[in-house]
Amino acid sequence: MPQVISRVQSSRRDHSGLQIPCGYPQCNRWFKTTAGRTKHRICAHPELAIPAPALPPSSPEREEEPSQDDFRTENPEIHDLDQSTPPLSPLPEVHTEFYGPGNRLYRNYHTKLTGQPCDAKGDFLPIDTPPLPLTDKSPDDWTPYRNRVEFETAEFLYTQNQMAAGQIDKLLDLWAATLIKHGEAPPFADHRDLYSTIDNTPLGDVKWQNFSINYTGEKPEQNMPPWMLQNFDVWYRDPREVIRNMLASPDYANEMDYRPFREYSTTSDERQYQDFMSGDWAWNQADTIAQDPDTHGSTFVPVILGSDKTTVSVATGQNEYYPLYVSIGNIRNNVRRAHRDAVAIIGFLAIPKTTKEHASDEAFRRFRRQLFHCSLSKILGSLKPAMTKPEVARFGDGHYRKVIYGLGPYIADYEEQVLLACIVRNWCPKCMSNRERLDEEAICRCEEYNEVLIEEGSPGSLWDEYGIISDLVPFTNDFPRADIHELIAPDILHQLIKGTFKDHLVDWVEKYLKKEYGNAEAQIRMDDIDRRIAAVASFSGLRRFPQGRGFKQWTGDDSKALMKVYLPAIEGHVPPDVVRTFRAFLEFCYLVRRNIITETTLKEIEDALKRFHHYREIFKTTRVVFTFSLPRQHSLKHYPQHIQLFGAPNGLCSSITESKHIKAVKEPWRRSSRFEALGQMLVTNQRLDKIAAARTDFTNRGMLQGTCLSNAQNISAIPANGHEGETNNFASRSDPDYEQNRRAVALDNDYGEIDDGAPLVQAHVMLARTPQSKRAQSIPALATELNILSLPALLGQFLYQQAHPNDDRLPSEYPSAECPQYEGRIHVFNSASSRFYAPSDLSGIGGMRTEHIRACPSWRNQHSRHDCVFVSMNPELTGFRGLEVARVLCFFSFKFHAVDYPCAVVRWFNTIDDSPDEDTGMWMVRPGFNANRTPNISIIHVDTIYRAAHLIPIYGSQPISREIKHYHSYDAFRAFYVNKYADHHAFEIAF
């Protein structure tokens, strides 16, 4: 009897096998529809060819125009070469190369440790010798997998989905049920077959090892503490093999520096610091290493370490782990931050525990510290031979090079730094400042000086007068050229964001309010501060705080988000010096977090620090605090030196290791059975490394082009006779979209040449792809919708301006008879996207960031949202002086005389004063009005929009209404700050 198929079943869609490649060079994304591919191209690969200069709108009247004497000089971070003047010639007897597009930079490279390629025996090769192939495997060798389907299935189930073993078996059974009638089987028999295949992967295989440490000192005869009888296990992987795998990875071949260098601007000879190898420490180490002629031509490989205890669960027994991570200084900062396996876990350190009775024993505390240092010395021991005598290693570009290892910076929070430096808490690990007077000038700590003090002083005097724990030996003493005090890395997360901002300044404001106004009034004022924070308007990428800052457990992301909106919220409740303290501190934070730090930036950092130290005295004079000898706050004074030694601090922040906790510790723990979880976590990490190494290898051999489905279609399209036939797609050929999509693939696959250098266009704005069919479709209808009766006249003025770009008159002065009238169809959009170059934002390796600008009557079906934007007025002026702020009331487009015009209806803000506010450092604006007191509204071309702007109300000293919500913000207040702290790019342009 034939099977009866219901109407619902017959109407279901079949799986579509259509696979459309993106077509952009080096992009491996594939899509099922051209619409999906188009949306991807708009977001990921906008065509940023340099357009003709856009016509800026006529400038709204400023309330007070700045004089030319008040204009800032040229932005020191951007130096456009005068094409009529040739670049400066390299200095003689210096290995100098021009670098980057337009020869805007030049680098002086180290002349001894040059990273010269050699053969496998260590014999140097002639210059320009091509590299050997990275592998001799054939393009169809998927070992240990049988085919691509097996590999991608394993990667999907184990790495991406992290499916449990029982669920894997269930899925494979369902898969097998669909294949029985074809006489075929799924890729794996069960989860054991899957795990065994992954384990047999020959790449990325660095075995886990362990050793035990126990107490060997004097033991009491009675009441012996249990920790003295315990063995403490340390699990680790050979760091040398892990580092050699990093060096050999093709993923990093183009993101690695093989030589120490110093980078300068070609126009001004100003030095700049960015990646680790651009700092003085790598150069100085190379100078020391190069004293041995046998090391000449080698590559210096700094070993960056990091460790931090982490908690995986507070509800079960063993919930703490102590991971140890490694990276190398040759890999650039953006790659280290981008979670591309450039930071690898190499160990789990022991966490000694004992009974409460013995937890405070000095012997136990000393053993716990020395256990840490002994463990590190043991784990890193395999690197020591190649720290003085070069060894040959394979690199991801195919060349062999001699390498010299050296211990580099150690990423740690303050508690860990105290342990590393073998000092007493509340002392500085970097300098000899007394813990009671940390901000006094003092010499830097160094092991050589410590040894002299230990020889001359007693343990008690060393503890009290210098903060030195004399019976501890740092692990760096076992390795050449290593001084732990020099290697302590800056920690933006714990020193600045969580430490100085959250634990100190925010807490001090609350204490000030209580001391000044009493508890009851202070609570009222803190509630108002919370309402002010909650009333901040929405902004792309800005976290909102609906309840203010009153949450119990702060994360680093909480603190970073609050930093962006906190300053205007406290103004009016605290003295101006408190506001200026926050301003100086925020400017310090945003400056040190830049990707590229020039010598001019270093001066700005030192100036901000000086102002911070000056204005924070208000907290002492009001008796909120009695000392500023706080180690994390004191660490700010060492940042200029850190930058000169190690480059931009954002490449060494503990946020990098904390994010690694998720992949290396927390997720593997959640996948375990919780019983003796560590062993299962080690296996999980090893399998993840094997899958990642296999993907890198297959990608490098060109085996992962397209998708798994498109690859299968290509194979099935070639019959046994070797001639190409019809592609066996699952999609029906009767599908009307099929042929259109297939032709689009063939016609739209060529993007031309791509410039891999720095972007030449700083910003590009594009309207949303889909117009709103339920909104106005003509200018009169849009005028009614927006309640702007003059909109047709404004459009005429816009068209007149586009046709007469050299007319310097105000739009209101244009002859109305000559202003074109447009009565055709328009398309209204709810948003636009701005894509701009933001090198100091954590926005990916390319430094490009995309944000959405909203102008819609209903945002998330609740309220209207109309964002503000920066509009470019005079590109020749730097910072905010070349910009204006406007609020977007509507985006629309139309075609006039065969020209497409993407436009925005905006309401202008007038700039208050000719300089930023002295207290907050932010520019002030207010809604602009015409002479007849009507709102100053214009139509502008979207090409004149630079990016979104964020405004925060100037709240004053009066409490705000409880009824004001964030979507009321731009309408309920009369004046605003231009929030330069909204993100790093805003900070760089709104000065």
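Along the sequence shown, residues carry numbers from 1. Basis for what follows: all heavy atoms, side chains included, without hydrogens, waters or symmetry-related copies.
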**Student:** Could you tell me whether the side chain of Ser893 and the main chain of Pro902 form a donor-acceptor pair under 3.5 Å?
**Tutor:** no
**Student:** My understanding is that only residues two or more places apart in sequence, or in another chain, count here; which of them pass ring-ring contact (aromatic ring centres under 6.0 Å, His included) with Phe582?
**Tutor:**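 Result, ring-ring contact (aromatic ring centres under 6.0 Å, His included) vs Phe582: Tyr566.
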**Student:** Is the closest side-chain heavy-atom distance between Arg531 and Ile960 below 4.5 Å?
**Tutor:**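 They are in contact (side-chain heavy atoms under 4.5 Å apart), so the answer is yes.
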**Student:** Passes side chain to side chain contact (heavy atoms under 4.5 Å, CB included), Thr920 versus Arg583? Steps please.
**Tutor:** CA-CA 6 Å; Thr920 64; Arg583 171 195 171 179; 5.7 Å; no
**Student:** Residues in ring-ring contact (aromatic ring centres under 6.0 Å, His included) with Phe891, at least two apart?
**Tutor:** none
**Student:** Can you give me the closest heavy-atom contact between Leu542 and Val536, atom names plus distance?
**Tutor:** CD2-CG1, 4.3 Å
**Student:** Do Glu571 and Arg532 sit within salt-bridge range, that is, some charged N less than 4.0 Å from a carboxylate O?
**Tutor:**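 No.
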**Student:** For the residue pair Phe976 and Ile952, establish whether any side-chain heavy-atom pair is separated by less than 4.5 Å.
**Tutor:** no
**Student:** For Asn787, look at atom CG and say whether over 12 heavy atoms of other residues, nucleotides or ligands are found less than 6.0 Å away.
**Tutor:**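 Incorrect, the count does not exceed 12.
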**Student:** For atom CD of Glu823, is the number of surrounding heavy atoms from other residues, nucleotides or ligands below 6.0 Å larger than 12?
**Tutor:** no
**Student:** Any donor and acceptor pair, going by atom type alone, linking the side chain of Ser938 with main-chain N or O of Ile940 inside 3.5 Å?
**Tutor:** no
**Student:** Let me see the working for Asn874 and Glu884 under side chain to side chain contact (heavy atoms under 4.5 Å, CB included), right down to the final yes or no.
**Tutor:** CA-CA 9 Å; Asn874 189 347; Glu884 293 287 353; over 6 Å; no
**Student:** Is there a donor-acceptor pair closer than 3.5 Å between any side-chain N or O of Ser790 and the backbone N or O of Ala793?
**Tutor:**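 No, the answer is negative, given that no donor and acceptor are paired below the 3.5 Å cut-off.
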**Student:** Quick check: do Ile529 and Ile533 have side-chain heavy atoms less than 4.5 Å from each other?
**Tutor:** yes
**Student:** Taking it one step at a time, do His966 and His863 satisfy ring pair (Phe, Tyr, Trp, His ring centres under 6.0 Å)?
**Tutor:** CA-CA 10 Å; His966 67 280; His863 50 77; 5.1 Å; yes
**Student:** Can you tell me if Gln777 uses its side chain to pair, donor with acceptor, with the backbone of Ser773 under 3.5 Å?
**Tutor:**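 Looks like yes, one N/O pair under 3.5 Å.
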**Student:** In Å and rounded to the nearest 0.5 Å, what is the OG to NE2 distance from Ser538 to His866?
**Tutor:**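 If I round to the nearest 0.5 Å, the distance is 12.5 Å.
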**Student:** With heavy-atom distances below 4.5 Å as the criterion, would you say the side chains of Met766 and His764 are in contact?
**Tutor:**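 Answer yes - side chains close enough.
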**Student:** Just verifying a value: how many Å separate Leu795 CG and Tyr800 OH, rounded to the nearest 0.5 Å?
**Tutor:**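 Rounded to the nearest 0.5 Å, the CG-OH separation comes out at 15.5 Å.
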**Student:** Suppose we screen for side-chain hydrogen bond (donor to acceptor under 3.5 Å, both in side chains). Which residues come up paired with Thr934, at least two apart in sequence or across chains?
**Tutor:** Asn930, Asn932
**Student:** Within a strict 4.5 Å, meaning less than it, do heavy atoms of the Arg887 and Val906 side chains meet?
**Tutor:** no
**Student:** Please report the C-alpha distance between Phe798 and Tyr901 in whole Å, then the side-chain angles of each, then the deciding distance to 0.1 Å, and finally whether the ring pair (Phe, Tyr, Trp, His ring centres under 6.0 Å) criterion is met.
**Tutor:** CA-CA 10 Å; Phe798 168 78; Tyr901 289 100; 5.8 Å; yes
**Student:** Please report the interatomic distance CG(Asn595) to NE2(His984), rounded to the nearest 0.5 Å.
**Tutor:** 9.0 Å
**Student:** With a 4.5 Å cut-off on side-chain heavy atoms, are Leu951 and Val978 touching?
**Tutor:** yes
**Student:** Answer yes when Arg594 and Glu988 have at least one side-chain N-carboxylate O distance shorter than 4.0 Å, and no when they do not.
**Tutor:**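 Yes, Arg594 and Glu988 are salt-bridged.
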**Student:** Could you walk me through whether Phe870 and Ile945 pass the side chain to side chain contact (heavy atoms under 4.5 Å, CB included) test, one step at a time?
**Tutor:** CA-CA 6 Å; Phe870 290 112; Ile945 296 176; over 6 Å; no
**Student:** Please find the pair of heavy atoms, one from Phe909 and one from Cys868, that lie closest to each other, and give the distance.
**Tutor:**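 Distance-wise, the nearest heavy atoms are CE1-SG, 4.0 Å.
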**Student:** Between Lys564 and Lys980, is there a donor-acceptor pair closer than 3.5 Å when you use the side chain of the first and the backbone of the second?
**Tutor:**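 Side chain of Lys564 to backbone of Lys980, a donor-acceptor pair under 3.5 Å: no, none is there.
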**Student:** Of all residues at least two apart in sequence or in a different chain, which pass the side-chain contact (heavy atoms from CB on, under 4.5 Å) check with Ser831?
**Tutor:** Ala768, Arg854
**Student:** Given the side-chain rings of Tyr590 and Phe987, with only the six-membered ring counted for Trp, is the space between their centroids under 6.0 Å?
**Tutor:** yes
**Student:** Could you work out, with side-chain contact (heavy atoms from CB on, under 4.5 Å) as the rule, every residue matching Leu586, not counting sequence neighbours?
**Tutor:** Met563, Leu567, Tyr981
**Student:** Identify, with sequence neighbours excluded, every residue that meets salt bridge (charged side-chain N to carboxylate O under 4.0 Å, His left out) alongside Arg907.
**Tutor:** none
**Student:** Keeping Thr266 on the side-chain end and Leu105 on the backbone end, is there a donor-acceptor pair under 3.5 Å?
**Tutor:**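 Judged by distance alone, yes, a pair lies under 3.5 Å.
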**Student:** Name all pairs fulfilling the salt bridge (charged side-chain N to carboxylate O under 4.0 Å, His left out) condition that reach into residues 779-790, sequence neighbours left out, sorted by first residue then second.
**Tutor:**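 Listed once each, the pairs are Arg775-Glu785.
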**Student:** Which value, rounded to the nearest 0.5 Å, describes the distance between Cys903 atom SG and Phe892 atom CZ?
**Tutor:**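 Rounded to the nearest 0.5 Å, the SG-CZ separation comes to 4.5 Å.
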**Student:** In Å, rounded to the nearest 0.5 Å, how long is the span from CD of Gln272 to OG1 of Thr600?
**Tutor:**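 Here the rounded value is 10.5 Å.
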**Student:** Determine, step by step, whether Phe991 and Thr878 satisfy the side chain to side chain contact (heavy atoms under 4.5 Å, CB included) criterion, reporting the C-alpha distance in whole Å, the side-chain angles of both residues, the deciding distance to 0.1 Å, and the verdict.
**Tutor:** CA-CA 9 Å; Phe991 61 85; Thr878 59; 4.1 Å; yes
**Student:** Mind checking side-chain contact (heavy atoms from CB on, under 4.5 Å) for Ala534 and listing every partner two or more places apart, or none if nothing turns up?
**Tutor:** none
**Student:** Of His985, Arg947, Arg835, which is the lone residue that meets side chain to side chain donor-acceptor pair (under 3.5 Å) with Glu851?
**Tutor:**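 Of all the options given, the one that passes is Arg947.
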**Student:** Could you list the residues that satisfy ring-ring contact (aromatic ring centres under 6.0 Å, His included) with Tyr977, not counting sequence neighbours?
**Tutor:**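 Scan of Tyr977 (ring-ring contact (aromatic ring centres under 6.0 Å, His included), adjacent residues dropped) gives none.
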**Student:** Can you find a pair of side-chain heavy atoms, one from Asn830 and one from Pro857, that are under 4.5 Å apart?
**Tutor:** yes
**Student:** Within the 4.5 Å heavy-atom criterion, are Asn910 and Val925 side-chain neighbours or not?
**Tutor:** no
**Student:** Residues in side-chain contact (heavy atoms from CB on, under 4.5 Å) with Pro780, at least two apart?
**Tutor:** Ser778
**Student:** How many angstroms lie between CG in Leu786 and CG in Leu791, if you round to the nearest 0.5 Å?
**Tutor:**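 Rounded to the nearest 0.5 Å, the CG-CG separation comes to 6.5 Å.
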**Student:** Has the side chain of Trp923 got a donor or acceptor atom that lies under 3.5 Å from a matching backbone atom of Ser915?
**Tutor:** no
**Student:** Looking at residues at least two apart in the chain, or sitting in another chain, which of them share a salt bridge (charged side-chain N to carboxylate O under 4.0 Å, His left out) with Asp917?
**Tutor:**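 Partners of Asp917 by the salt bridge (charged side-chain N to carboxylate O under 4.0 Å, His left out) criterion come out as none, since no residue qualifies.
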**Student:** Output yes when a side-chain donor or acceptor of His804 lies under 3.5 Å from a complementary backbone atom of Gln801, and no otherwise.
**Tutor:** no
**Student:** Can you name the residues that form a ring-ring contact (aromatic ring centres under 6.0 Å, His included) with Tyr822, not counting sequence neighbours?
**Tutor:**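 Residues passing ring-ring contact (aromatic ring centres under 6.0 Å, His included) with Tyr822: Phe894.
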**Student:** I'd like to know if Asp867 pairs up with Arg865 as an ion pair, taking the criterion as any Lys NZ or Arg NE/NH1/NH2 lying under 4.0 Å from an Asp or Glu carboxylate oxygen.
**Tutor:** yes
**Student:** Distance-only, no hydrogens or angles: does the Thr944 side chain make a donor-acceptor pair with backbone N or O of Ser872 under 3.5 Å?
**Tutor:** no
**Student:** Taking Asn650 for the side chain and Arg593 for the main chain, is one N or O donor matched with an acceptor at less than 3.5 Å?
**Tutor:**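 Between the backbone of Arg593 and the side chain of Asn650 there is a qualifying donor-acceptor contact (under 3.5 Å).
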